[in-house]
Engineer: 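Quick one: the structure is below, and I'll ask about it shortly.
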Amino acid sequence: MIRDSLRLRVAVAAAAGVLLAVAALTAAAPLIVSHELRASQDRGLRGRASEIARLSASAPALLTAPGALDAPYGGQDLLVEVLDSRQRIVARSSALGGRLVPVDSLAARAIRDGRTGFGHAELSGAPLRVFVAPLPAGAGRAGGGAVIVASTTGEIERTASRVRHLVVYCALAAVALGALIAAALTRRGLAPLRRLSLAARGIGSSGDAAQRLPAGAGGEVGELTDTLNAMLAALDGAREAERRFLADASHELRNPVTALRGNVEYLARHGADPETVADLRADAERLARLVDDLLALERQAGPASLEATVDLGSLAREAVAAADGGIEAGTIGDVTVRGDEAALRRALGNLLANARVHGRPPVVVSVERAGDRALLSVADAGPGLSQADAAVAFERFWRGGGASARPGSGLGLAIVRATALAHGGDVRVAGAAFTLDLPAADIVRDSSGSMRTVEDVPSTRSVQ
């Protein structure tokens with residue numbers, strides 16, 4: 001229905017466009033034709049009047065010769081009257097018969113002022129276009145008089161009317177043809193979209209995001225196909241990651257739950273003893289940490305709010321001060337970023353916990369700015385990760401060799417990376433040094449010690 005509606009709309013739009021264009025042509029064409037015909041008629045009237053004026057000056061006797069004024073000019077049959085200085089008829093064309101051209105005022109002005117002029121008149125119900133010109137004095141009987149040349153305009157009106165009708169008929173044919181061509185081209189142009197829609201409907205029915213849409217023919221449809229296939233690939237990857245995450249989470253949760261159930265069964269049979277209670281407490285704490293990490297990882301799945309400013313230097317100094325040894329302050333500058341302070345504090349805590357559990361003391365915390373980047377680094381004195389381990393260290397539930405005997409859920413570094421990505425940055429590792437790389441905020445400290453953005457700091461330059 002949508003496809004048919006689009007095809008109909010395109011056809012109607014094409015027909016309307018053609019109709020508007022031809023409507024303008026319908027209005028303009030008769031006007032142009034009429035104007036050109038009238039201009040040609042006026043040139044004929046003026047030219048015939050000039051011939052008669054020359055004839056009056058050179059051979060005035062010929063004016064009264066039979067048929068002298070009846071010769072057509074430029075293919076037009078003209079009506080001619082020659083008047084003397086007292087507006088008496090000296091000669092006339094035989095086409096007038098006993099009729100007179102009613103232009104007394106134009107003739108009087110031509111005789112009196114010696115000026116030519118055009119006018120309109122009506123003879124026996126037919127419209128006329130009239131031209132009046134003065135004749136030179138001393139040119140026989142007509143000397144000082146005027147010559148009147150007229151021609152009917154009816155043929156011009158009929159020609160303009162025929163042109164108007166012809167354009168209208170052509171317009172209707174063009175509108176119909178344009179609508180048909182637009183419909184055919186639209187149908188052909190929508191064919192790839194139709195195939196794309198059917199393929200997408202099939203994928204939607206099957207629910208299999210691993211399928212891909214057929215490659216498009218190129219152009220916009222091909223670009224759309226590539227975009228949709230990229231979206232399907234992203235969905236397939238997200239679904240696979242979700243399945244892997246659920247499987248890993250189920251596996252990780254099963255161990256503490258199994259231990260809890262076993263200890264509970266032991267308590268039920270043998271009663272409580274300090275060792276079993278300690279195991280229960282440890283399993284409960286491990287399960288609580290795992291659930292807490294899972295929730296933290298879920299919270300960091302989307303982009304973080306970047307409204308607040310966070311001083312990474314302050315976070316680092318607080319972490320060093322709160323530690324019970326084993327953590328030292330390296331180069332710590334006042335570098336600020338925009339984001340979620342609690343999430344960044346947790347990410348720093350995870351890096352410190354990872355270094356203390358899996359590395360060797362001392363653990364050194366550094367904060368510095370490199371261009372427009374804020375770098376928070378945590379390094380220990382251990383050998384660090386191999387290149388192969390560094391490539392997978394930030395995956396969920398990954399734990400290095402020999403780490404199973406140490407505390408941890410395998411989600412700490414994954415939370416760090418999710419936090420970095422949510423803040424528009426990333427995290428990298430080189431040996432035993434982990435660096436949180438974030439976009440730096442343009443923040444400075446004022447004289448009171450509080451932080452402001454550069455835009456909020458008043459300029460110290462004086463206005464000249």
Engineer: Taking the side chain as C-beta and beyond, is there a heavy-atom pair between Leu375 and Arg428 under 4.5 Å?
Structural biologist: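 Yes; the side chains approach each other to less than 4.5 Å.
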Engineer: Would you mind reporting whether Val310 and Thr336 have side-chain heavy atoms less than 4.5 Å apart?
Structural biologist: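 Side chain of Thr336 against side chain of Val310, heavy atoms only: no contact under 4.5 Å found.
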Engineer: Which donor-acceptor pairs under 3.5 Å do side chains of residues 116-134 form with protein atoms, sequence neighbours excluded?
Structural biologist:
| residue | atom | partner | partner atom | Å |
| --- | --- | --- | --- | --- |
| His120 | NE2 | Arg129 | NH1 | 3.0 |
| Ser124 | OG | Arg99 | NH1 | 3.1 |
| Arg129 | NE | Asp42 | OD1 | 2.9 |
| Arg129 | NH2 | Asp42 | OD2 | 3.1 |

Engineer: Is there a side-chain contact (heavy atoms from CB on, under 4.5 Å) between Val365 and Leu352? Walk through the geometry before answering.
Structural biologist: CA-CA 8 Å; Val365 183; Leu352 292 173; 3.5 Å; yes
Engineer: What is the minimum heavy-atom distance between Ser151 and Leu78, and which atoms define it?
Structural biologist: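 That closest heavy-atom pairing would be CB-CD2, 3.7 Å.
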Engineer: Working to the nearest 0.5 Å, report the span between CZ of Arg43 and CZ of Arg38.
Structural biologist: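 That separation rounds to 13.5 Å.
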Engineer: Quick check: closest heavy atoms across Val90 and Leu83, and the distance to 0.1 Å?
Structural biologist: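 Scanning both residues completely, I find the closest heavy atoms to be CG2-C, 4.0 Å.
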Engineer: Working to the nearest 0.5 angstrom, can you tell me the gap between Thr153 OG1 and Gln41 CD?
Structural biologist: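 It is 6.5 Å, given to the nearest 0.5 Å.
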Engineer: Would you say Thr159's side chain and Glu155's backbone share a donor-acceptor pair under 3.5 angstrom?
Structural biologist: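 Judged by distance alone, yes, a pair lies under 3.5 Å.
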Engineer: Ion pair present between Glu368 and Arg373, side-chain N to carboxylate O less than 4.0 angstrom?
Structural biologist: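 No salt bridge links Glu368 with Arg373.
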Engineer: Are the side chain of Asp84 and the backbone of Arg86 linked by a donor-acceptor contact shorter than 3.5 Å?
Structural biologist: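 Such a contact is found between Asp84 side chain and Arg86 backbone.
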Engineer: Between Thr331 and Val367, is the side-chain contact (heavy atoms from CB on, under 4.5 Å) condition met? List the steps.
Structural biologist: CA-CA 6 Å; Thr331 301; Val367 177; over 6 Å; no
Engineer: Would a distance-only check, ignoring hydrogens and angles, find a side-chain to backbone donor-acceptor pair under 3.5 Å from Thr152 to Gly154?
Structural biologist: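 Confirmed, Thr152 side chain pairs with Gly154 backbone.
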Engineer: For the OG atom of Ser50 and the CG atom of Leu55, what is their distance to the nearest 0.5 Å?
Structural biologist: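 Between atom OG of Ser50 and atom CG of Leu55 there are 12.5 Å.
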Engineer: Would Ser34 and Leu37 count as a side-chain contact (heavy atoms from CB on, under 4.5 Å) if you check the C-alpha gap in whole Å, the side-chain angles of each, and the deciding distance to 0.1 Å?
Structural biologist: CA-CA 5 Å; Ser34 178; Leu37 292 177; 5.9 Å; no
Engineer: Could you pull out the closest heavy-atom pair between Asp311 and Val335, with the gap in Å?
Structural biologist: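 In terms of heavy atoms, the two residues are closest at OD1-O, 3.3 Å.
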Engineer: For Glu341, check salt bridge (Lys or Arg N to Asp or Glu O under 4.0 Å) against everything at least two apart and list the hits.
Structural biologist: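 So Glu341 forms a salt bridge (Lys or Arg N to Asp or Glu O under 4.0 Å) with Arg345.
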Engineer: Got a second to check how far Leu172's CG is from Leu177's CG, nearest 0.5 Å?
Structural biologist: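 It comes to 12.5 Å.
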Engineer: Any side-chain heavy-atom pair from Asn350 and Arg346 closer than 4.5 angstrom?
Structural biologist: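 Contact flag for Asn350/Arg346 side chains = yes.
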Engineer: Which distance, rounded to the nearest 0.5 Å, do you find between the CG of Leu315 and the CG of Leu376?
Structural biologist: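 Output value for this atom pair is 8.0 Å.
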Engineer: Do Val337 and Thr309 come close enough that some side-chain heavy atom pair is under 4.5 Å?
Structural biologist: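 SC-SC contact between Val337 and Thr309 ruled out.
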Engineer: How far apart are the closest heavy atoms of Ala110 and Ala146, and which atoms are they?
Structural biologist: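 For Ala110 versus Ala146, the nearest heavy atoms are CB-CB, 4.3 Å.
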Engineer: Please evaluate residues Val147 and Val80 with respect to the criterion side-chain contact (heavy atoms from CB on, under 4.5 Å), reporting the C-alpha separation (whole Å), side-chain torsions for both, the decisive distance (0.1 Å), and the verdict.
Structural biologist: CA-CA 7 Å; Val147 57; Val80 181; 4.2 Å; yes
Engineer: With a 4.5 Å limit on heavy-atom distance, are the side chains of Arg112 and Arg109 in contact?
Structural biologist: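 Contact flag for Arg112/Arg109 side chains = yes.
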Engineer: Which heavy atom of Ala374 sits nearest a heavy atom of Leu312, and at what distance?
Structural biologist: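 Where Ala374 meets Leu312 most closely, the heavy atoms are CB-CD1, 3.9 Å.
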Engineer: How long is the gap from CD1 on Ile148 to OG on Ser93, to the nearest 0.5 Å?
Structural biologist: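 Separation between the atoms: 11.0 Å.
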Engineer: Do the non-hydrogen side-chain atoms of Leu344 and Leu438 ever get within less than 4.5 Å of each other?
Structural biologist: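 Yes - at least one pair of side-chain heavy atoms lies under 4.5 Å apart.
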Engineer: Would you mind reporting whether Ile52 and Arg48 have side-chain heavy atoms less than 4.5 Å apart?
Structural biologist: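 In contact.
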Engineer: Does Val149 reach the side chain of Leu79, with side-chain heavy atoms less than 4.5 Å apart?
Structural biologist: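 Answer no - side chains too far apart.
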Engineer: What are the two closest non-hydrogen atoms of Val416 and Ala347, and how far apart are they?
Structural biologist: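 Reported closest heavy-atom pair: CG2-O, 3.5 Å.
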Engineer: Thinking salt bridges, do Arg162 and Glu157 make one under a 4.0 Å N-O criterion?
Structural biologist: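 No.
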Engineer: Salt bridge or not for Asp334 and Arg369, using N-O below 4.0 Å?
Structural biologist: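 Result for this pair is no, no salt bridge flagged.
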Engineer: Consider only side-chain N and O atoms of Ser366 and Ser377, and report whether a donor and an acceptor are under 3.5 Å apart.
Structural biologist: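 On atom types as modelled, these side chains do not qualify, holding no pair under 3.5 Å.
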Engineer: His423 side chain to Thr419 main-chain N or O, any donor-acceptor pair under 3.5 Å?
Structural biologist: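 Side chain of His423 to backbone of Thr419: a pair is present.
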